[in-house]
Structures are given as structure tokens and as C-alpha cells.
Amino acid sequence: MADPTEPVPADEIHPLTDPTICADCRKDNGDRGFSESYGRFLCPVCRTHRKRVQFPLWARVACAGCVILGGWGFIRSIRISRGIRAYQHGVTAYKRDDYSEATNKLRLARTFMPDEEAFEDLEAFYHGHVCLDEGKPAEAARWFQVSLNLDPNSKETAYMLLVAQRHAAFQSGKYEEYFRTSESLLELDGRTTQALLGMAPAWACRFALTGKEEYRQQALACLKEARTAGGADPDDWIIEGWVNKILEKRTIMSLLDFRYSVGKGGGDEEDFG
């Protein structure tokens, strides 16, 4: 039996709780009890104080920041996923030679990811192809230049820039510039069949303008070397007939006009070789 003279341990003392008296400030609420908060009956003032102690301003700001950042991150992840999807569709369209659709998809991808430099590069590159298809080589060259500025190491873009510039030079009657860009393509691509078939008409145009025999011989030498190299598509060899026509008549005509003259018009819209 416990000794009544011994003090009772504190954890065994269960004081009576009066719900009409605030457990903190001891405010008396008469015969009406206070609401219970945090396991205690508290008046409104003490309840507000307790809430502030439990959730200080910095904690509330931090929580709000987490909610905002989480929501922003979620929205951003959706935008990124839509941008990547549009990019993938654009690349697929380019591979099937649908340059207009490829350009539109990359433009859409950039709306979702405007800071993605690779998307800007591809949009400009695809747009250059669209302009070439529409017979606007000067505009195509401007787009390929934008693409090359974004990726200076891209040999494919550098090649297409020269193609567009060569096309624009022939279209505007700047045959010396046409010759120089043809030389640049030959240097960039090496002495491939396609590069040689592009260089031959440039020599032929020089011959037509000057009558110098050495230029005629250079044009014929390019055609001979291209024949030896082989590997071109059968339709590409119509360039051989076009070059011979220029050399024979000493008159510059477009490849498209030559195609029509031999009954093959409409098959190839290029007019510069």
C-alpha cells in the first residue's frame, strides 16, 4: 500500500479540466465552453497564437512556395513533353520529304520550348527546304544561314546554303557567282558525281559568256570524271545533255527549259544544275 506521505509522481496526476476556462490565459467564458485545439480548451486569441507558433510565417511561405513551384514544374513538364512530341513529328515529316509539315511542327515545338536552340536550328533548316521547293532560293539561303549560325559545324547545312546560293545566282543571272558557289560545293563535297555534275554547267556557262576553249574543255572533263565515278540516279544524267547543249549553242538556258525541250519537262523543277 502506498505511503500517503510520499509525493505522487507528476505523470500520475490528472488535473480536472474546465472547458469554460482557457487553458493558456485562464480566461473565463462563463457557462460556455471553449473549442478544443491542440488537445486543450483555448480562447480564440490563444488558439490563433498557438496556430502561429505551430505554423510560423516562414513555414507558411515555404509551403506556399513548394505548392507554386510544384504546380509550375508540372505545367512545364507538360509543355516540354508537347514540345518534344512536336519535334519528333517534325523530324519524321522531314524524313518523308514533307518539308512544310516539318517546318510547322518545329515551329510548334518552339512555342512550347522557346529557349531550345536546336529546335530553332531545325525550324530554319526545314524552312530553307520549303523555300527551295517554292522556287525562292534567295529566301532559302537566308534560312540556311540562320541554321548555320546556330550550328556552324553542320556540313549538311553548309552544303544546303551553297546549293541555295548557287540556285539564286543562276536565277538572277549572276553567273560568276554561280561559278564560285559551284566551286565551293565541289570543295566541300569532294569530287563526287553530284558535285562534278554541278560543276560542269558552271564551266559551260563560263564558256558561253567568254568563248574560251579551256572552259569548254573543263566542262567536258567534269562530265567525263562524273561518268567514271558513276553512282548518280539515271535522271541526273540529263545534266550531261544540258551541258552539251549550252556548249553547242553557246547559249545559257536553264535545266528546266532544257528538260522541256527534250520532252521531259515537269519532272524536275531545278533550273540551275
Side-chain angles (χ1 to χ4, degrees), residues 64-172 174 177-178 180-190 192-195 197-198 232-233 235-236 256 268-273:
C66 290
V67 171
I68 292 172
L69 288 175
W72 176 81
F74 177 72
I75 294 172
R76 186 171 183 273
S77 68
I78 293 176
R79 290 179 62 84
I80 289 175
S81 65
R82 294 182 69 179
I84 292 174
R85 190 179 303 112
Y87 155 75
Q88 292 172 335
H89 290 167
V91 172
T92 300
Y94 172 73
K95 289 179 179 178
R96 63 171 184 267
D97 297 333
D98 189 348
Y99 303 130
S100 180
E101 177 68 7
T103 302
N104 290 336
K105 289 300 183 183
L106 262 297
R107 186 179 297 117
L108 178 62
R110 284 194 64 206
T111 63
F112 293 121
M113 300 174 66
D115 297 329
E116 185 57 57
E117 195 172 273
F119 290 178
E120 183 180 359
D121 173 19
L122 281 179
E123 181 192 356
F125 183 74
Y126 295 162
H127 205 153
H129 279 283
V130 171
C131 292
L132 276 181
D133 283 351
E134 293 176 349
K136 303 173 183 176
E139 188 175 343
R142 286 194 291 272
W143 282 108
F144 286 129
Q145 185 63 65
V146 170
S147 178
L148 190 62
N149 290 341
L150 292 166
D151 184 8
N153 297 320
S154 174
K155 182 178 179 180
E156 183 178 5
T157 306
Y159 177 87
M160 291 308 304
L161 174 60
L162 288 172
V163 167
Q165 290 173 336
R166 182 177 69 168
H167 192 163
F170 188 95
Q171 193 179 73
S172 59
K174 299 176 180 178
E177 185 178 336
Y178 170 63
R180 289 197 303 269
T181 52
S182 298
E183 277 191 317
S184 297
L185 276 167
L186 188 66
E187 181 180 352
L188 177 67
D189 206 27
T192 63
T193 301
Q194 289 292 346
L197 287 176
D233 293 332
D235 191 58
D236 290 336
L256 184 61
D268 191 333
E269 296 180 357
E270 290 185 352
D271 62 0
F272 62 99

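In this chain, residues are counted from 1 in sequence order. Every heavy atom of this structure was used, including side-chain atoms; hydrogens, water molecules and symmetry mates were not.
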If you look at every heavy atom in [X] and [Y], which pair is closest and at what distance?
X	Y	result
G198	S182	O-OG, 3.8 Å
P137	A164	CB-O, 3.6 Å
L132	M160	CD1-CE, 3.6 Å
A102	G90	CB-O, 3.3 Å
A141	Q165	CB-CG, 4.0 Å
C131	W143	SG-CD1, 3.8 Å

**Item:** Trace of the side chain to side chain contact (heavy atoms under 4.5 Å, CB included) decision for E177 with R166
**Value:** CA-CA 7 Å; E177 185 178 336; R166 182 177 69 168; over 6 Å; no
**Request:** Check whether more than 12 heavy atoms from other residues, nucleotides or ligands sit under 6.0 Å from atom CZ of R82, and answer yes or no.
**Result:**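 Count not over threshold, so no.
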**Message:** Is it the case that atom OH in Y87 sees more than 12 heavy atoms from other parts of the structure closer than 6.0 Å?
**Reply:**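 No, not enclosed.
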**Complete:** Partner of F125 under side chain to side chain contact (heavy atoms under 4.5 Å, CB included), picked from L150, T157, L161, is T157
Can you measure from [atom1] ([X]) to [atom2] ([Y]) and round to the nearest 0.5 angstrom?
X	Y	atom1	atom2	answer
L108	T103	CG	OG1	12.5 Å
L188	T181	CG	OG1	12.0 Å
E120	D115	CD	CG	10.0 Å
R180	K174	CZ	NZ	10.0 Å
L148	E156	CG	CD	11.5 Å

**Asked** Is the Y94 to H129 ring centre distance short of 6.0 Å?
**Response**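 Centroid distance Y94-H129: below 6.0 Å, so yes.
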Is the closest side-chain heavy-atom distance between [X] and [Y] below 4.5 Å?
X	Y	result
M113	I84	yes
Y126	V91	yes
E139	E134	no
D189	Y159	yes
K105	Q88	no

**Asked** Ignoring hydrogens and geometry, is there a side-chain-to-backbone donor-acceptor pair from D121 to E117 under 3.5 Å?
**Response** no
**Message:** So does D151 get a backbone contact from the side chain of S154, meaning a donor-acceptor N/O pair under 3.5 Å?
**Reply:** no
**Message:** Taking the basic N atoms (NZ, or NE/NH1/NH2) and the acidic carboxylate oxygens, is any pair closer than 4.0 Å for E116 and R110?
**Reply:**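 Not counted as a salt bridge, because no side-chain N and carboxylate O are separated by less than 4.0 Å.
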**Message:** Walk me through whether E183 and L186 qualify under side chain to side chain contact (heavy atoms under 4.5 Å, CB included).
**Reply:** CA-CA 5 Å; E183 277 191 317; L186 188 66; 5.6 Å; no
